[in-house]
Amino acid sequence: SSDLESTTSFNKSKSKVASENYCNDLAMLFSYWVTNLEKGIVKNIVPFQAITRDVLNQKKQNNLRCGFGTKLRVVDLDNKYYLCDELLGNKRFLANGNGNSNQWAASALNSACSSCEYSKYCGGRCANAPLFHPKERFELDCSKTKKLIDEVFGGIEKIKHLMNKGIISKDSFNTYVSTYCTEEIP
């Protein structure tokens, strides 16, 4: 048994219902967020802010948003550096400085990301998803990420209109402090 195999059970029908509930709740939360934007209030709801910021700035994500494989390093008690806190002890993910960051890009970790039109905005979610979870779970998580990105794109013209009217500014979406441990896309 590989140390990369999933150790969690996956109930497809329960997960599908939970995913549908998540998507419905996400739509309501985004509506709440935009309603506040219309009042000139930017609620610090990181996923909406991060994606909106990147869409407005035309910034593409080439690597995972968390900094996995590029900027994030975690030190264990033996002073060994790893690419992620969830991968401590897994020698495959030792950060020895010899790798190139492209080897840890979402498209390298999961072939589904290499041809996905959303990957330039999501960056591939979490490295653990394709490595440790069943394909069906990754696909459900991926569909939730697509819904999140679709919500932002569905509201981007309204957000630009609010910016043009001076109700909010482009800088409004840079108000949270991004540490590489913040999951910009949960």
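FYI, side chains are in, hydrogens and waters are out, and symmetry mates aren't considered; it's all heavy atoms of this structure.
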Query raised in the report: When you look at Ile167 and Glu38, which way does the side chain to side chain contact (heavy atoms under 4.5 Å, CB included) test go after all the steps?
Result: CA-CA 7 Å; Ile167 296 173; Glu38 293 170 336; 5.9 Å; no

Report summary line: Those residues at least two apart in sequence (or on a different chain) that pass side chain to side chain contact (heavy atoms under 4.5 Å, CB included) with Ser143 are Ser19, Leu140

Query raised in the report: Quick one: SG on Cys122 to CG on Asp54, what's the gap to the nearest 0.5 Å?
Result: 11.5 Å

Query raised in the report: Which atom pair, heavy atoms only, marks the closest approach of Asn174 to Arg53?
Result: OD1-CD, 2.9 Å

Query - Closest non-hydrogen atom pair, Phe138 against Cys113 - result: CZ-SG, 4.2 Å

Query raised in the report: Taking side chain as C-beta onward, heavy atoms only, is Leu83 less than 4.5 Å from Arg73?
Result: yes

**Report entry** Considering all heavy atoms, the nearest Gly40-Ile168 contact
**Finding:** CA-CG2, 4.1 Å

Query raised in the report: Taking NZ, NE, NH1 and NH2 as the nitrogens, is one of them in Arg137 or Asp141 under 4.0 Å from a carboxylate oxygen of the other?
Result: yes

Query raised in the report: From Thr52 OG1 over to Asn57 CG, what is the distance, rounded to the nearest 0.5 angstrom?
Result: 10.5 Å

Query raised in the report: Got a donor-acceptor contact below 3.5 angstrom from the Gln49 side chain to the Ile45 backbone?
Result: yes

Query - Aromatic contact, Tyr121 with Phe153 (centres under 6.0 Å) - result: yes

Requested in this report: Mark yes when over 12 heavy atoms from residues, nucleotides or ligands other than Lys165 sit less than 6.0 Å from its NZ; otherwise mark no.
Outcome: no

Query - Check: Asp78 side chain, Lys80 main-chain N or O, donor-acceptor pair, under 3.5 Å - result: no

Report task. Would you give the length of the straight line joining atom OG1 of Thr35 to atom NZ of Lys43, rounded to the nearest 0.5 angstrom? Result -> 11.5 Å

Query raised in the report: Can you list the steps and then say if Glu151 with Ser31 is a side chain to side chain contact (heavy atoms under 4.5 Å, CB included)?
Result: CA-CA 9 Å; Glu151 286 292 333; Ser31 177; over 6 Å; no

Requested in this report: Treating Ile, Leu, Val, Met, Phe, Trp and Tyr as nodes and any side-chain heavy-atom pair under 4.5 angstrom as an edge, say whether Ile41 and Leu162 lie in one connected cluster.
Outcome: no

Query raised in the report: Same hydrophobic cluster for Met163 and Ile156, using side-chain heavy-atom links shorter than 4.5 Å among ILVMFWY?
Result: yes

Query raised in the report: Taking atom CG of Leu94 and atom CG of Leu87, what is their separation to the nearest 0.5 Å?
Result: 10.5 Å

Requested in this report: Provide the closest heavy-atom pair for Cys23 versus Lys144 in the form atom of the first, atom of the second, distance.
Outcome: SG-CG, 4.2 Å

Query raised in the report: Mind checking whether Phe30 and Tyr32 sit in one hydrophobic cluster, side chains of I, L, V, M, F, W, Y counted as touching below 4.5 Å?
Result: yes

Report summary line: Separation between NZ (Lys59) and NZ (Lys120), nearest 0.5 Å, reads 15.5 Å

Query raised in the report: Atom NE2 in His161, atom CG in Leu37: separation rounded to 0.5 Å?
Result: 12.5 Å

Query - Residue pair Val42 / Asn36, side-chain heavy-atom distance below 4.5 Å - result: no

Query raised in the report: Leu88 and Phe93: side chain to side chain contact (heavy atoms under 4.5 Å, CB included), yes or no, with the steps?
Result: CA-CA 8 Å; Leu88 287 175; Phe93 300 101; over 6 Å; no

Query raised in the report: Who else is in Val75's hydrophobic cluster (ILVMFWY, side-chain heavy atoms under 4.5 Å, direct or via others)?
Result: Tyr81

Query raised in the report: Just wondering, do Leu26 and Phe48 contact through their side chains at under 4.5 Å, heavy atoms?
Result: yes

Query raised in the report: Which atom pair, heavy atoms only, marks the closest approach of Trp33 to Ile159?
Result: CZ3-CD1, 4.0 Å

